[in-house]
Amino acid sequence: MEGNTLKNKIFVIYGDNPREMASHLLSTIKIEDFIDKDALIGIKPNLVVAKPSSSGATTSPELVEGVIRYLKTKGFNNIAVLESSQVGDKTAKAFEICGYTEIAKNLGIPLIDLKKDSYKAYSVEGMELNIFDQVMELDYLINMPVLKGHCQTKITCALKNLKGCIPDQEKRRFHTLGLHKPIAYLNKAVKSDLIIVDGLMGDLNYEIGGNSVKMDRIIAGFDPVLIDSYAADLLGYDPEEIEYIKIAEKIGVGSCLASKEQICELNENHTTQKIPHTREIENLAKYIEEKDACSACYGSLIHALDRLREQGMLDNLREKVAIGQGYKKIEGKGIGVGSCTKGFEKNVPGCPPTAREIIKVLEREIASDL
Ligand code: SF4
């Protein structure tokens, strides 16, 4: 297949053996034809937290291993895995817990903790963005996100996975900018040359996992907008509902899926089940008053509210909970979550606080109202 024809295609392979699936997929695409032999290849998985891929939060190490082994058999030896976990989490711990330390040792490839890297500012159509140097030095970027839900942006896949290419203070700043626009613009500055989505196990609601659903598929393509529009559809959303997909398409990062003809299923006779659609987060979000909250903070609050829902207590929460950087230096009534809301009457400290810490305060609040 010609390069230009490939650009408009999505490749899907079903199964539960990621190493074999990676090899089948890459040999079908013949990826070796598109990469210079001495290129510095960077693999960017999603290791947002230090939880194994079975949690539905992080990229399968077996899938990454399959990709690296395939590239090595084709003579590519300049390969590194790069990541910067979410605000408040350590990348080195994520590499260890997620099984990457072991595969790196076995395959003789470096793991780069981007949190230790230097960075520079880039101007993208008038928007200034700070991006890690080692990301910008790559010759070929393989973006390997997880297909999963997100508590603020509804879904997270290829476009949002690049948030691991920016420093923590920039991640926080992205939230003050509304998240969607900077995510789209970041993808204009950092090009994903190939996207391989781990659709084996994903949490349909939370980016940090916990309720994983078996989805048994790997999705690949060259256009992050195309991939994300397909991912949104799989998770039950119209791509139009996901703001950053729309913006990325508008600024020329790529194009949304226009026709089913663009989807090439490599093994049609599969027994993989349809992915269930869920909008649980939207119900929990009714209890939140949010202004520019970081995902780690917001995710902790969503988890806390979900636990209270399971215990049958959530209906007794009388007032909305405030959260986010927009509440800094503001004196507010009621409950605020995170150090940004320390001016509130009642506050859960921490940056970000854990779900457990939030639950304790909310349980006390509910009990005092009864
Ligand atoms: S308290 Fe929460 S919203 Fe505020 S900066 Fe920390 S993580 Fe972000």
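Heads up: numbering here begins at 1 and tracks the sequence. Order of appearance sets the numbers: ligands from 1, and atoms from 1 within every ligand.
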Where is the nearest protein heavy atom to atom 2 (Fe) of ligand 1: which residue, which atom, and how far? Cys297 SG, 2.4 Å
Looking only at protein heavy atoms, which one is nearest to atom 6 (Fe) of ligand 1, and what is the separation? Cys351 SG, 2.3 Å
Any N/O/S atom from Cys294 (main chain or side chain) under 2.8 Å of atom 8 (Fe) of ligand 1? yes
Do [X] and [Y] have a side chain donor and acceptor closer than 3.5 Å?
| X | Y | value |
| --- | --- | --- |
| Asp306 | Tyr206 | yes |
| Asp133 | Ser118 | yes |
| Asn130 | Lys120 | no |

Near [X], which atoms of ligand 1 are under 4.0 Å from a heavy atom of that residue?
| X | result |
| --- | --- |
| Arg172 | 5 (S) |
| Ser339 | 1 (S) |
| Gly338 | 1 (S) |
| Gly350 | 1 (S) |

Closer than 2.8 Å to atom 4 (Fe) of ligand 1, do we get an N, O or S atom from Cys340, backbone or side chain?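 Given the 2.8 Å cut-off, Cys340 counts as a ligand of atom 4 (Fe) of ligand 1.
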Is Gly88 in contact with ligand 1, taking contact as a heavy-atom separation below 4.0 Å? no
Salt bridge flag under 4.0 Å for residues Lys360 and Glu357: no
Indicate the ring-plane relationship of Tyr100 and Phe95, choosing parallel, tilted or perpendicular according to the 30° and 60° boundaries. tilted
Ignoring hydrogens, what is the shortest heavy-atom contact between Val225 and Cys256? Give both atom names and the distance.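 Looking at all heavy atoms of both residues, the shortest contact is CG1-N, 3.7 Å.
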Asn143 side-chain N/O to Ala158 backbone N/O, donor-acceptor pair under 3.5 Å: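 Judged by distance alone, yes, a pair lies under 3.5 Å.
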